[in-house]
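What follows is a short report on a single structure.
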Amino acid sequence: MKKLYITSPLYYVNASPHIGHAYTQIACDTINRFFKMAGFQTYFMTGTDEHGEKVEKAAVKAGYEKGREKDFVDSVVPHFKELWKDLNIKFDFFIRTTDPSHEKTVQKILEIMKSKDDIYKGHYNGWFCTPCETFWTELQVKGKPCPDCGRRLEKIEEANYFFRLSKYQDWLISHIKKNEDFIKPDYRKNEILSFLKNPLEDLCISRPKERMAWGVELPFAPNFVTYVWFDALINYISGMGFLDDEKKFKKFWPADFHIIGKDILRHHAIYWPIMLRSAGLAPPKTIFAHGWWTVKGEKMSKSKGNIVDPRTVIKLYGTDALRYFLLREVTFGLDGTFSEEAFILRFNGDLANDLGNLVNRTLTMVDKYFSGKIPEARAGIKNSSLEGLSRGLKDKATHLRKTLESRISSFDFSGALSAIWEVINKANKYIEESKPWECSRNKNTKNLESIIRNLLETLRIISISIYPFMPVSSQKIWQQLGIKDGIEGASLTETEKWNLLKAGHKTCKDKPLFPRIV
RNA sequence: CGCGGGGUGGAGCAGCCUGGUAGCUCGCAAGGCUCAUAACCUUGAGGUCGUGGGUUCAAAUCCCACCCCCGCACCCA
């Protein structure tokens, strides 16, 4: 059985999750569900990044005493977990960087790197703002006063530990060039390659405890903790059994997909592969950096206060509509604009008019013409015009799988959804062209049976196909078709087959799936 | 200044890597149908693909120059 290991980033817990977090999770979840349905043994890992200065400060701000950071993060993490539940994110493991097993692995890896002389002690120059207790790098201040409070900064020199990024630069460049799919999309790969044209500086991976103590202690220098990113990235292997459950680790590593936002690409495409290389491990196969959601042309940010809260959208329009919108509206990789107008347009146009209405009108006809029972599968009348139309619909529907597979494999969610919608549109057109109401008037039962049957089969295929994107609606259609088993047990291969529904079974027409927003 | 992204019918976008009748959604106009969530189906109007050069039999697509818009303190997918 083929395996697939997919990860989301670990979300930083210094604030509540917003639409961007939701976006990444939904993308991961959709890929995961799709491949699971395609027969892969998948493993989707997500979690939270809980150490570092920002969290330490957030804890203080929230009224926790120094040293009680763990209590603070314990209080925040449930917000993330709840949102993932509301968004129907189905992960296999939730890792927290404060998990003792993770911290232990981080320390072991630090030891390995130290023993290879990839970690060394050096000096770090920077600027310190005493009132803010904040440390700034030369790059951040460029000779100006404290960016936070505007007061004068003090130049300090600090002993710290460094990781030899520079040693692996040439290796990394050639690895990126040799592996087409290592960094996606291509324009991001080019960005990284052009960044790598300049020599890498070694990475400072420690913080003296006297300045910042909320982190994983360096095993060879108890007065220091490690830099958050160094700690966080390791989750991808610590949560997968590295140095712990070697059998599991061997099976799933290297990761197939690291799905991330474009802001954290350098950490993933530069630091992380080099860290792995130093530890003697293979790099991940693909790192995909997606774009940002903007609001009215502006970047979403806490300071601007224009954050879109996914919970509000879910309450108003439902989880599936949000999942659909985010994955359909924008080419994955590029930035997109989030607006309620665009959302409603998608909702009414695609979900209510096309999909919801198709389900509704089909099931109404089953009720009306066949008292809610699935009609017999009739062999088409040779060379009739109806046969031609029916074959067109059947071909379109049963060939959908191949398109979905290639598009989802290349992270083209929007393209995958359009392919599904082509089938939906085809079905709507089929109704117009085959005119079941005329068959009913003319008492042409055979043709009527055939038409309705074909529509129901198409709905069955659509239902499976949308499952990775909209699990709840998918299940609802499934139920309305009278299928008792859960949709999650369905296999993608069933979308290539026809006439699987059992004749005579009762369908269960329900309320419209997506009532139009007026 | 530099780096990155973008400029395609009224709006929002795809196509550009791998040149060869300019496509999608929404909106608009006309028509059709009645199973349906005033939904669905058909047809139509509307673009010299930012500007100027170049390569080519042929350029939205490749090359050069230029103009305009957005992002690059913190937060952050």
Side-chain angles (χ1 to χ4, degrees), chain A residues 8-12 14-15 17-28 54 58 134 136 139-142 144 146-148 185-188 190-192 194-195 198 259-265 289-294 297-305 307 310 326 328-331 333-337 339 341-342 344-346 348-369 412 414-415 418 421-422 424-441 448 451-452 455 509 511-518:
Chain A
S8 79
L10 293 202
Y11 302 101
Y12 206 55
N14 64 334
H18 56 65
I19 200 95
H21 297 98
Y23 185 42
T24 318
Q25 281 306 69
I26 290 168
C28 290
K54 304 254 160 53
T134 306
W136 302 96
L139 208 79
Q140 284 172 310
V141 295
K142 288 175 192 149
K144 288 185 205 140
C146 174
D148 269 359
D186 289 344
Y187 48 87
R188 297 285 170 218
N190 295 337
E191 264 179 55
I192 292 294
S194 85
F195 181 79
N198 298 312
I259 308 290
I260 57 168
K262 65 177 182 180
D263 53 327
I264 52 176
L265 179 60
H290 68 242
W292 274 327
W293 285 95
T294 59
E298 282 189 323
K299 202 167 139 179
M300 244 190 272
S301 76
K302 283 166 197 167
S303 42
K304 275 181 190 148
I307 303 272
L326 293 179
R328 175 65 242 260
E329 183 71 359
V330 163
T331 309
L334 301 177
D335 290 356
T337 311
S339 76
E341 295 76 51
I344 291 174
L345 226 53
R346 283 279 173 209
N348 283 343
D350 300 353
L351 297 178
N353 297 350
D354 295 342
L355 173 57
N357 186 43
L358 174 65
V359 173
N360 191 241
R361 66 199 297 212
T362 303
L363 287 165
T364 300
M365 288 190 279
V366 179
D367 281 352
K368 209 163 200 165
Y369 301 144
D412 180 9
S414 188
S418 342
W421 254 254
E422 277 181 36
I424 292 170
N425 294 336
K426 187 94 181 174
N428 274 320
K429 190 182 294 194
Y430 177 75
I431 299 177
E432 295 307 317
E433 290 173 340
S434 63
K435 302 185 186 13
W437 48 90
E438 277 187 9
C439 298
S440 168
R441 267 187 239 124
L448 189 56
I451 293 166
I452 300 305
L455 286 168
K509 181 170 180 270
K511 282 176 293 200
L513 276 175
F514 302 99
R516 274 180 71 83
I517 300 164
V518 283

Pairwise [atom1] distance, [M] and [N] [rounded to whole Å]:
{"N": "G4(B)", "M": "A11(B)", "atom1": "P", "answer": "29 Å"}
{"N": "C24(B)", "M": "G44(B)", "atom1": "P", "answer": "11 Å"}
{"N": "G52(B)", "M": "C17(B)", "atom1": "P", "answer": "22 Å"}
{"N": "G15(B)", "M": "G50(B)", "atom1": "P", "answer": "15 Å"}
{"N": "U8(B)", "M": "A14(B)", "atom1": "P", "answer": "10 Å"}
{"N": "G27(B)", "M": "C33(B)", "atom1": "C1'", "answer": "23 Å"}
{"N": "C70(B)", "M": "C1(B)", "atom1": "P", "answer": "14 Å"}
{"N": "A29(B)", "M": "G10(B)", "atom1": "C1'", "answer": "14 Å"}

Hey, does the side chain of [X] come within less than 4.0 Å of [N]'s phosphate (OP1/OP2), counting only N and O?
{"X": "Trp437(A)", "N": "C35(B)", "result": "no"}
{"X": "Thr331(A)", "N": "A14(B)", "result": "yes"}
{"X": "Lys262(A)", "N": "C76(B)", "result": "no"}

Quick one, [X] and [Y] - any side-chain contact, counting heavy atoms below 4.5 Å?
{"X": "Asn360(A)", "Y": "Lys511(A)", "answer": "no"}
{"X": "Arg328(A)", "Y": "Asp350(A)", "answer": "yes"}
{"X": "Ile19(A)", "Y": "Ile307(A)", "answer": "no"}

Point to revise | Test log, rule side-chain contact (heavy atoms from CB on, under 4.5 Å), inputs Val330(A) and Asp335(A) | key: CA-CA 7 Å; Val330(A) 163; Asp335(A) 290 356; over 6 Å; no
To the nearest angstrom, how far is [X] atom [atom1] from [N] atom [atom2]?
{"X": "Asp263(A)", "N": "C75(B)", "atom1": "CG", "atom2": "C1'", "value": "11 Å"}
{"X": "Asp350(A)", "N": "C13(B)", "atom1": "CG", "atom2": "P", "value": "16 Å"}
{"X": "Asp186(A)", "N": "C17(B)", "atom1": "CG", "atom2": "P", "value": "13 Å"}
{"X": "Trp421(A)", "N": "U25(B)", "atom1": "CH2", "atom2": "P", "value": "14 Å"}
{"X": "Ile344(A)", "N": "C26(B)", "atom1": "CD1", "atom2": "P", "value": "16 Å"}
{"X": "Gln25(A)", "N": "A77(B)", "atom1": "CD", "atom2": "P", "value": "11 Å"}
{"X": "Glu329(A)", "N": "A11(B)", "atom1": "CD", "atom2": "P", "value": "16 Å"}
{"X": "Asp412(A)", "N": "G15(B)", "atom1": "CG", "atom2": "C1'", "value": "12 Å"}

Using a cut-off of 4.0 Å on non-hydrogen atoms, how would the nucleic acid contact of [X] be classed: base, sugar-phosphate, or nothing?
{"X": "Gly415(A)", "result": "nothing"}
{"X": "Gly261(A)", "result": "sugar-phosphate"}
{"X": "Leu363(A)", "result": "nothing"}
{"X": "Ser440(A)", "result": "nothing"}
{"X": "Arg441(A)", "result": "sugar-phosphate"}

Exercise for review: Could you go through the side-chain contact (heavy atoms from CB on, under 4.5 Å) check for Ile260(A) and His290(A) one step at a time?
Suggested key: CA-CA 6 Å; Ile260(A) 57 168; His290(A) 68 242; over 6 Å; no
Check your understanding: When you check every protein heavy atom under 4.0 Å of nucleotides 37-43 of chain B, what one-letter string (B, S, -) results, 5' to 3'?
Key -> B-SBSS-
Review point. Less than 4.0 Å between a side-chain N and a carboxylate O, is that true for Glu432(A) and Arg361(A)?
Key: yes
Review point. Do the side chain of Asn353(A) and the main chain of Asn348(A) share a donor and acceptor less than 3.5 angstrom apart?
Key: yes
Distances for protein N or O near nucleotides 3-5 of chain B N or O, under 3.5 Å:
| residue | atom | partner | partner atom | Å |
| --- | --- | --- | --- | --- |
| G4(B) | O2' | Glu191(A) | OE2 | 3.2 |

Practice item. Walk me through it: do Leu355(A) and Phe514(A) pass the test side-chain contact (heavy atoms from CB on, under 4.5 Å)? Key: CA-CA 8 Å; Leu355(A) 173 57; Phe514(A) 302 99; 4.1 Å; yes
**Study point:** Contiguous Watson-Crick or G-U pair runs (3 or more, under 3.5 Å) in RNA chain B
**Key:** B:2-7 with B:67-72, B:10-13 with B:23-26, B:28-32 with B:40-44, B:50-54 with B:62-66
Review point. Closest nucleotide of RNA chain B for Leu10(A) versus for Thr364(A): which of these residues is on the 5' side?
Key: Thr364(A)
Practice item. For Met365(A) and Ile451(A), run side-chain contact (heavy atoms from CB on, under 4.5 Å): C-alpha distance rounded to whole Å, both residues' side-chain angles, the deciding distance at 0.1 Å, then the answer. Key: CA-CA 10 Å; Met365(A) 288 190 279; Ile451(A) 293 166; over 6 Å; no
